[in-house]
Amino acid sequence: MRVVLSCLLMLLFVPDWMGEPRLPLMGKRAVVRAAPIALDAAHPARSRVGALVWLGGVRLTSPDRAFGGFSALHVARGHRVTLLSDGGNIVQFTLGPDWRPRAIAFGDLPAGPGTGWAKVDRDSESMGVDPRDGSVVAGFENSNMLWRYTPDLRRALGAAAPRAMAGWPGNEGAESFTFLPRAGWGGGAIAIGEQAPWPGGTGRAAFRFTGDPVREPNRGYRFSYIPPARSDPSDMTVLPDGRLIVLNRRFTLPFTFTNTLVVIDRGAIRPGAVVRGREIATLAPPLVHENFEGIAATREGGRTILWLVSDDNQSVLQRSLLLKFRLDAPGAPKRARP
């Protein structure tokens, strides 16, 4: 009886858990609202920035407290959008011509580095869909790991900690990651760190996986990526013509983001290469701008479409934005600056 009374007294007078609160998980009530935005709020008719043609954009909101923080993006046929947050949260919906999200689904990555209690355990910063089987590989900061999931993101299939990424600073990991097509590239994948160069190098550390990045994580070679001035790479994808496109981000006070898109030709990626690419568009004031961290490329009617999503850091000062552009045909780029 004394033991029971002691336990009751502890429950009454010992304060609640004072450690780090659990990482918020997505709720069962999947609600996403979309409000239209303009490329240039002061000039709503404006429809071009650099080599990009504006097709529309929305601000995404939800009553779910875990909503936001989107760092990776995939858009499948039929405009099925998958957003992955930097806390392992998953938001999926189909976007119709009216820009209203339908068939909304919420979820969380079922496994990953650590226990999943804290954000450091599920800091997923990038995502790539394997063209061979549709499986999804997510890149995690802090652990510098790659985890593979089933196409529906409900089950983990494997994980790897590439030796080349072991020395990357803990908060970088595969900030940018994409699979490469077999045609032109021979398959494999590429990962780029956010801020640090290779030892004694310049730019940003990058690794070209010449095999499967999870099953053969140490097969490949190093190269370096030089982002635009004072910018950091935040994501990348492969264009339908085989070129790489890298999304870069720059933050300046008082609170302004600048986002620059850079195109890289296949032939530039070689062992030990230092790669710069070509700037094709910049989003900066007075144009819409945010902390864009996810990019995806699709095809519509024979045209290349680019999608961008922003990480609002779940801050009242920022927004979760989803933008859609058409990319001009290669060989006829427009001016990069707004």
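Position 1 is the first residue of the sequence, and the numbers go up from there.
Taking a 4.5 Å side-chain heavy-atom cut-off between Ile, Leu, Val, Met, Phe, Trp and Tyr, the cluster of Val32 extends to Met26, Leu55, Val58, Leu60, Phe67, Phe70, Leu73, Val75, Val81, Leu83, Val91, Phe93, Leu95, Trp99, Ile104, Phe106, Ile305, Trp307, Val309, Leu322. Chaining together hydrophobic side chains whose heavy atoms lie under 4.5 Å apart places Phe251 alongside Leu253, Phe255, Phe257, Val316, Leu317.
Between Asp232 and Arg204 a salt bridge is recorded (basic side-chain N to carboxylate O distance below 4.0 Å). Ion pairing of Lys324 with Glu300 is present here, as a side-chain N (NZ or NE/NH1/NH2) and a carboxylate O approach within less than 4.0 Å. Using a 4.0 Å cut-off between a side-chain N of Lys or Arg and a carboxylate O of Asp or Glu, Asp328 and Arg48 qualify as a salt bridge. The pair Glu290-Arg249 does not meet the salt-bridge criterion, since no charged nitrogen lies less than 4.0 angstrom from a carboxylate oxygen.
Note: Phe223 and Tyr225 fail the aromatic proximity criterion, with ring centroids not under 6.0 Å apart.
When all heavy atoms of Asp312 and Ser320 are compared, the pair lying nearest together is OD2-OG, 3.3 Å. Here the shortest heavy-atom pairing between Ser231 and Asn248 reads CB-CB, 4.1 Å.
Residue Arg155 qualifies as open at atom CZ: its count of foreign heavy atoms under 6.0 Å is 12 or below. For Arg80, the CZ atom counts as densely surrounded, since its 6.0 Å shell holds more than 12 non-hydrogen atoms of other residues, nucleotides or ligands. By the neighbour-count criterion of 12 heavy atoms within 6.0 Å, atom CZ of Arg100 is sparsely surrounded, having that number or fewer from other residues, nucleotides or ligands. The number of heavy-atom neighbours closer than 6.0 Å to CZ of Arg163, taken from other residues, nucleotides and ligands shown, is 12 or below.
Note that the CG atom of Asp108 and the CG atom of Leu25 stand 4.5 Å from one another [nearest 0.5 Å].
Without hydrogens or angle criteria, Thr304 side chain to Arg299 main chain gives no donor-acceptor distance under 3.5 Å. No side-chain donor-acceptor contact under 3.5 Å links Arg222 to the backbone of Pro271. The backbone N or O of Ala103 sits nowhere less than 3.5 Å from a side-chain atom of Thr94 that would complete a donor-acceptor pair. The backbone N or O of Glu293 sits nowhere less than 3.5 Å from a side-chain atom of Asp311 that would complete a donor-acceptor pair. Of the possible polar contacts, none joining the Thr258 side chain to the Ala284 backbone as a donor-acceptor pair under 3.5 Å is found. Looking only at distances, no side-chain donor or acceptor of Asp123 sits under 3.5 Å from a matching main-chain atom of Phe140. Proximity of a side-chain donor or acceptor of Trp168 to a complementary backbone N or O of Ala196 within less than 3.5 Å is not detected. In this structure a side-chain-to-backbone donor-acceptor pair under 3.5 Å is missing from Thr260 to Leu247. No donor-acceptor pair under 3.5 Å is formed between the side chain of Tyr221 and the backbone N or O of Thr210.
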Evaluation steps, side chain to side chain donor-acceptor pair (under 3.5 Å), between Gln92 and Thr82: CA-CA 5 Å; Gln92 295 177 307; Thr82 297; 3.1 Å; yes

CA sep, side-chain torsions, deciding dist, call: Ser135, Asp133, side chain to side chain donor-acceptor pair (under 3.5 Å): CA-CA 6 Å; Ser135 63; Asp133 58 10; 2.8 Å; yes

Stepwise salt bridge (Lys or Arg N to Asp or Glu O under 4.0 Å) check, Arg148 with Asp212: CA-CA 11 Å; Arg148 186 188 297 274; Asp212 185 283; 2.6 Å; yes

